[in-house]
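Each remark here refers to the structure printed beneath this line.
The first residue in the sequence is number 1, and the count goes up from there.
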Amino acid sequence: MRVLVIEDERGLAAAIARGLAEEGFAVDVTHDGADGLWKAWNEPYDAIVLDIMLPGLSGYEVLRRLRAAEVWTPVLMLTAKDGEYDEADALDLGADDYLRKPFSYVVLVARLRALLRRGAPARPAVLTAGDLALDPARRRCHRAGTEIPLTAREFTLLEFLLRRQDEVVSKTDILTHVWDEHFDGDTNIVEVYIGYLRRKIDVPFHRHTIETVRGAGYRLLATGD
């Protein structure tokens, strides 16, 4: 398995590369974000170990550009920063795992092997259907270049539908995932919020993105039409 290590602390980068090589990995190393981004774009890696604090481009920016370019190589982020918001930012941008320095080398190898077992399925940070785009990390929604303000519940409902696009989802599914499994109010609340969404994301743009499937539920079209 081929791994790219993007780490500006040269001693640490060398130690990681040496240890991974002893475990049977083929390892390439780079010490700045721009060079790492170029390698990740142009070479077939099975996983990337990516530091956050890098010269040139930050690890966050490297990750953002990779995912925007639909490069789904699994990424394990390393950082000396100790904060839950840093971890959340990394995961929201498309990282697969996160490890704080100093870390256990045994844990690093185990997490890399776990990422390799999962492979590299598409998992975009921004959800799209045609010209409709939803960015969960930044809590923003756009259609045809126009920003659409959504309430928290509308946003969650649209995110759920986008993650299940072209599938028929029942009212029960929606209530369980968008409200919660203990919701005991009127199930017509789903219809009400579907109506709210349609008036914001469809009607002004002359689209019919959300279909009603009689007797079954709702379906968001992947084409966004």
Side-chain heavy-atom pair Val178, Arg153 within 4.5 angstrom cut-off: yes
Within one Ile-Leu-Val-Met-Phe-Trp-Tyr cluster: Leu220 and Val192, side-chain cutoff 4.5 Å: yes
Side-chain touch Gln165/Arg219, heavy atoms, less than 4.5 angstrom: no
SB check Glu154 Lys200 (cutoff 4.0 Å): yes
Hydrophobic cluster membership, Val62 vs Met53, 4.5 Å side-chain cutoff: yes
Exam field: side chain Asp32 to backbone Gly56, donor-acceptor pair closer than 3.5 Å: no
Heavy-atom closest pair, residues Phe205 and Ile148: CE1-CD1, 3.8 Å
Between CG on residue Leu93 and CD on residue Glu61, distance to nearest 0.5 Å: 9.0 Å
pair Leu150-Leu134: side-chain heavy atoms closer than 4.5 Å: yes
Flag side-chain contact, heavy atom, 4.5 Å: Ile52 against Leu63: no
Minimum heavy-atom distance between Glu147 and Pro149, given as atom pair plus value: O-CD, 3.8 Å
Cluster overlap Leu221 with Phe160, hydrophobic side-chain contacts below 4.5 Å: no
Where Ala69 and Trp41 come nearest, the two heavy atoms and their spacing: CB-NE1, 3.3 Å
Tyr218 side chain vs Ile194 backbone, donor-acceptor pair below 3.5 Å: no
Verdict with reasoning, Val29 to Ile6, per side-chain contact (heavy atoms from CB on, under 4.5 Å): CA-CA 6 Å; Val29 176; Ile6 310 174; over 6 Å; no
CZ on Arg10 to NE2 on His31, rounded to 0.5 Å: 4.0 Å
Interatomic spacing from CD1 in Ile201 to OH in Tyr196 - rounded to 0.5 Å: 15.5 Å
Heavy-atom donor-acceptor pair, Tyr105 side chain to Leu20 backbone, under 3.5 Å: yes
Heavy-atom donor-acceptor pair, Arg67 side chain to Val71 backbone, under 3.5 Å: yes
Exercise: identify the closest heavy-atom pair between Ala90 and Tyr60: N-CE2, 3.9 Å
Minimum side-chain heavy-atom gap Lys101-Asp51 below 4.5 Å: yes
Heavy-atom pair with the smallest gap, counting every atom of Leu112 and Ala47: CD2-CB, 3.9 Å
4.5 Å side-chain heavy-atom contact, Phe103 and Leu12: yes
Closest non-hydrogen atom pair, Asp46 against Thr73: C-CG2, 3.8 Å
Exam field: side chain Glu23 to backbone Phe25, donor-acceptor pair closer than 3.5 Å: no
Check ion pair Arg198-Glu211 (N to O, under 4.0 angstrom): no
side-chain contact (heavy atoms from CB on, under 4.5 Å) evaluation trace for Arg100 with Leu78: CA-CA 6 Å; Arg100 294 188 183 94; Leu78 301 178; over 6 Å; no
Side chain to side chain, Thr223 and Thr209, heavy atoms closer than 4.5 Å: no
Shared hydrophobic cluster for Val107 and Leu116 (ILVMFWY, side-chain gaps under 4.5 Å): yes
Steps toward side-chain contact (heavy atoms from CB on, under 4.5 Å) verdict (Glu7, Val49): CA-CA 8 Å; Glu7 167 61 65; Val49 178; over 6 Å; no
For Arg2, salt bridge (Lys or Arg N to Asp or Glu O under 4.0 Å) partners two or more places apart: Asp28, Glu43
Can you give the donor-acceptor pairs under 3.5 Å from side chains of residues 126-133 to other protein atoms, not counting sequence neighbours?
residue : atom : partner : partner atom : Å
Asp131  : OD1  : Arg143  : NE           : 2.9
Asp131  : OD1  : Arg143  : NH2          : 3.3
Asp131  : OD2  : Arg207  : NH2          : 2.3

Carboxylate-amine/guanidinium proximity below 4.0 Å for Asp173 and Arg163: no
Approximate separation, where rounding is to 0.5 Å, of Leu50 CG and Leu99 CG: 12.5 Å
Any donor-acceptor N/O pair, Asp166 side chain to Ala222 backbone, under 3.5 Å: yes
Pairwise distance CG(Asp35) to CH2(Trp38) - rounded to 0.5 angstrom: 8.0 Å
Distance (rounded to the nearest 0.5 Å) between Tyr193 OH and Leu157 CG: 9.5 Å
Heavy atoms of other groups near Arg140 CZ, more than 12 under 6.0 Å: no
Cationic N near anionic O, under 4.0 Å, Arg18 to Glu22: no
Whether Thr156 side chain and Ala152 backbone form a donor-acceptor pair below 3.5 Å: yes
Side chains of Leu158 and Cys141 in contact at under 4.5 Å (non-hydrogen atoms): yes
Lys/Arg-Asp/Glu bridge criterion (N-O < 4.0 Å) met for Arg111, Asp96: no
